[in-house]
Amino acid sequence: MGPHPAVAAIRLAVRRALHDILNDHQTSREHPGPQPSGAHPALTAERPPSPLVLVACSGGADSMALASALAFEAPRLGLRAGGVTVDHGLQPGSDLRADEVALRLRGLGLDPVESVAVTVGREGGPEAAARDARYAALDAAAERHGAAAILLGHTRDDQAETVLLGLARGSGTRSLSGMAAVSGAGGRYRRPFLQLDRQTARKACMVQSLPVWDDPHNADPAYTRSRLRHEGLPALEKALGKGVVEALARTAQLSRDDADALDAWARQAEASVRDAAGLLECAKLYALPPAVRRRILRRAAIEAGAPAGALFARHIEEVDRLITGWRGQGVINLPGKVVAQRQGGRLVIRQG
């Protein structure tokens, strides 16, 4: 008799992700970068250790299910498996809870396992600040341990919430594309559960007798995502019927495909709209489709120092009007102390 269907589902999702990681690792070995000068051939020919995959685990049902599936599947593919839990320090006793999660991960057979404490700032609001601190800690852990990838437990429900939040911000197609299955430098972050619902992960924990911790922040109406989860999505399902989450997840994938194509077009077009000095020529920008032109403008603003997370559609629209609705406007102020202005038919975006 095989495993419970929920357990089988999470293991299959992780197995597919691990196969992709192995393929990427094999490709990098077949096409290695230049060897250090003077490296001894015998040393460079030594067989490297098997790739290490880490799981980011909060102790919640999604990430505990992910950790259990990684612990089961990794050895069967010749991979090493470890775990990281991040203590955000936002609740009393959070350090003790993080230690408990680390203990549970070790109990699953993961090694190495570590608990990392971070300091959460205030920039961008509490949710964004906690996310930034968490990813910085995960990046550092991956570097310390030489991990090939880090698995994240985001589910289809999380994806639906992300799409709705992007819709509310009005930040365009890229915002509607939600979370990518593979992201980060070199494809470091992998999200195997984006096609699975939250209940499947919770059921998998229950049938495996895995203890889980429900973060009270996830039910706190002070947080936007929490309100969306407990009020917004249920209201949409009541009004539109079941299937809203699945439809939003499909929207994310379709939007991502469109956004990727437009981004590629914008990258190709950018060289053709710059003059010999590298400045953007307004007349050539004007001739481009709006979706392509605005991507070039956004990229230029980010390269000048505007934080991507604080750069919204309304900012880019203001800059775009310097090209499409030129009436002698003055300087446009952008996040990160970046300014944009039109000078002699050229668009200048720089630090103010």
**OP:** Please examine the side chains of R144 and V116, heavy atoms only from C-beta on, and report whether any two atoms are closer than 4.5 Å.
**Re:** yes

Original post:
By side chain to side chain contact (heavy atoms under 4.5 Å, CB included), which residues pair with L262, not counting sequence neighbours?
Top reply: W265, A291, V292, R295

Subject >> Heavy-atom pair with the smallest gap, counting every atom of G83 and L54 >> reply: N-CD2, 3.8 Å

Original post:
Does some side-chain heavy atom of R188 sit less than 4.5 Å from a side-chain heavy atom of E143?
Top reply: yes

Original post:
In terms of hydrophobic clustering (I, L, V, M, F, W, Y; side-chain heavy atoms under 4.5 Å; direct or indirect links), are V86 and V120 co-clustered?
Top reply: yes

Subject >> Atom of I302, atom of A308 and distance for their closest heavy-atom approach >> reply: CD1-CB, 3.9 Å

Original post:
In terms of hydrophobic clustering (I, L, V, M, F, W, Y; side-chain heavy atoms under 4.5 Å; direct or indirect links), are V113 and L152 co-clustered?
Top reply: no

Original post:
Where the side chain of D132 meets the backbone of A129, is there a donor-acceptor pair that is under 3.5 Å apart?
Top reply: no

**OP:** Working to the nearest 0.5 Å, report the span between CE of M64 and CG of D62.
**Re:** 11.5 Å

**OP:** Compare every heavy atom of L210 with every heavy atom of S68, then report the nearest pair and how far apart it is.
**Re:** CB-CD1, 3.6 Å

**OP:** Using the salt bridge (Lys or Arg N to Asp or Glu O under 4.0 Å) rule, take R97 and D87 through it: C-alpha gap first, then chi angles, then the decisive distance, then the call.
**Re:** CA-CA 8 Å; R97 193 172 300 109; D87 171 19; over 6 Å; no

Original post:
Do the non-hydrogen side-chain atoms of I296 and L288 ever get within less than 4.5 Å of each other?
Top reply: yes

Original post:
Would D275 and R346 satisfy salt bridge (Lys or Arg N to Asp or Glu O under 4.0 Å), going step by step from the backbone distance to the final call?
Top reply: CA-CA 9 Å; D275 64 13; R346 302 294 190 272; 2.7 Å; yes

Original post:
Are L311 and V339 connected in a single hydrophobic cluster, I mean Ile/Leu/Val/Met/Phe/Trp/Tyr linked by side-chain heavy atoms less than 4.5 Å apart?
Top reply: no

Original post:
What pairs with A13 under side chain to side chain contact (heavy atoms under 4.5 Å, CB included), at least two apart in sequence or on another chain?
Top reply: P192, F193, L196

**OP:** Mark yes or no for whether Q159, through its side chain, and L248, through its backbone, hold a donor-acceptor pair below 3.5 Å.
**Re:** no

Original post:
With a 3.5 Å cut-off and no angle check, do the side chains of S255 and D258 form a donor-acceptor pair?
Top reply: no

Subject >> Donor-acceptor pair, side chain of R256 and main chain of G178, under 3.5 angstrom >> reply: yes

Original post:
Taking the side chain as C-beta and beyond, is there a heavy-atom pair between R106 and D111 under 4.5 Å?
Top reply: no

Subject >> Criterion salt bridge (Lys or Arg N to Asp or Glu O under 4.0 Å) on R202 and D214, from CA distance to verdict >> reply: CA-CA 11 Å; R202 185 169 289 276; D214 290 315; 2.8 Å; yes

Subject >> Donor-acceptor contact below 3.5 Å, side chain T85 vs main chain C57 >> reply: yes

Original post:
Looking only at atom types and distance, does a side-chain atom of H19 sit under 3.5 Å from a main-chain N or O of R16, one as donor and one as acceptor?
Top reply: no

Subject >> Euclidean distance, L70 CG relative to R11 CZ, rounded to 0.5 Å >> reply: 12.0 Å

Subject >> Verdict with reasoning, L322 to I332, per side chain to side chain contact (heavy atoms under 4.5 Å, CB included) >> reply: CA-CA 9 Å; L322 294 176; I332 304 296; 3.8 Å; yes

Original post:
From L176 CG over to L165 CG, what is the distance, rounded to the nearest 0.5 angstrom?
Top reply: 11.0 Å

**OP:** Supply the atom-to-atom distance L347 CG to K284 NZ, rounded to the nearest 0.5 angstrom.
**Re:** 14.5 Å

Original post:
Where the side chain of H145 meets the backbone of A147, is there a donor-acceptor pair that is under 3.5 Å apart?
Top reply: no

Subject >> Student check: side-chain heavy atoms of T251 and L254 closer than 4.5 Å >> reply: no

Original post:
Is I21 linked to L52 within one hydrophobic cluster, defined over Ile, Leu, Val, Met, Phe, Trp and Tyr using a side-chain heavy-atom separation of less than 4.5 Å?
Top reply: no

Original post:
What pairs meet the salt bridge (Lys or Arg N to Asp or Glu O under 4.0 Å) rule with one or both residues in residues 320-329, with sequence neighbours excluded?
Top reply: R293-D320, R294-D320

Original post:
Just wondering, do Y189 and L138 contact through their side chains at under 4.5 Å, heavy atoms?
Top reply: yes

Original post:
So, the side chain of R298 versus the backbone of I316: is there a donor-acceptor pair under 3.5 Å, distance only?
Top reply: no

Subject >> Rounded distance [0.5 Å steps], CD in Q351 versus CG in L334 >> reply: 10.0 Å

Original post:
Is there a donor-acceptor contact under 3.5 Å linking the side chains of S183 and R191?
Top reply: yes

**OP:** For the pair E73 (side chain) and A69 (backbone), establish whether a donor and an acceptor sit closer than 3.5 Å, ignoring hydrogens and angles.
**Re:** no

**OP:** To the nearest 0.5 angstrom, please state how far the CZ atom of R342 sits from the CD1 atom of I323.
**Re:** 7.5 Å

Subject >> Trace of the side chain to side chain contact (heavy atoms under 4.5 Å, CB included) decision for R134 with R131 >> reply: CA-CA 5 Å; R134 180 167 60 255; R131 182 176 59 250; 3.8 Å; yes

Original post:
Nearest heavy-atom pair of R104 and G59: which atoms, and what distance?
Top reply: NH1-O, 4.5 Å

Original post:
Does a sphere of radius 6.0 Å around CD in Q195 hold more than 12 heavy atoms from other residues, nucleotides or ligands, not counting ones at 6.0 Å or beyond?
Top reply: no

Subject >> Check against side chain to side chain contact (heavy atoms under 4.5 Å, CB included), V84 and I150 >> reply: CA-CA 9 Å; V84 181; I150 300 177; over 6 Å; no

Original post:
Quick check: does any side chain N or O of R190 sit under 3.5 Å from a backbone N or O of L151, one acting as donor and the other as acceptor?
Top reply: no

**OP:** Kindly determine whether E303 and R299 satisfy salt bridge (Lys or Arg N to Asp or Glu O under 4.0 Å), including the steps that lead there.
**Re:** CA-CA 6 Å; E303 288 178 349; R299 182 182 175 91; 3.5 Å; yes

Original post:
Are F72 and L110 co-members of a hydrophobic cluster defined by side-chain heavy atoms under 4.5 Å apart?
Top reply: no

Subject >> Residue pair L105 / A67: nearest heavy atoms and the distance that separates them >> reply: CD2-CB, 3.6 Å

Subject >> Residue pair A204 / A6: nearest heavy atoms and the distance that separates them >> reply: N-CB, 3.8 Å

Original post:
side chain to side chain contact (heavy atoms under 4.5 Å, CB included) between V212 and M206: does it pass, once the steps are laid out?
Top reply: CA-CA 9 Å; V212 299; M206 186 181 73; over 6 Å; no

**OP:** Verify whether one side chain among R225 and T162 offers a donor that lies under 3.5 Å from an acceptor in the other.
**Re:** yes

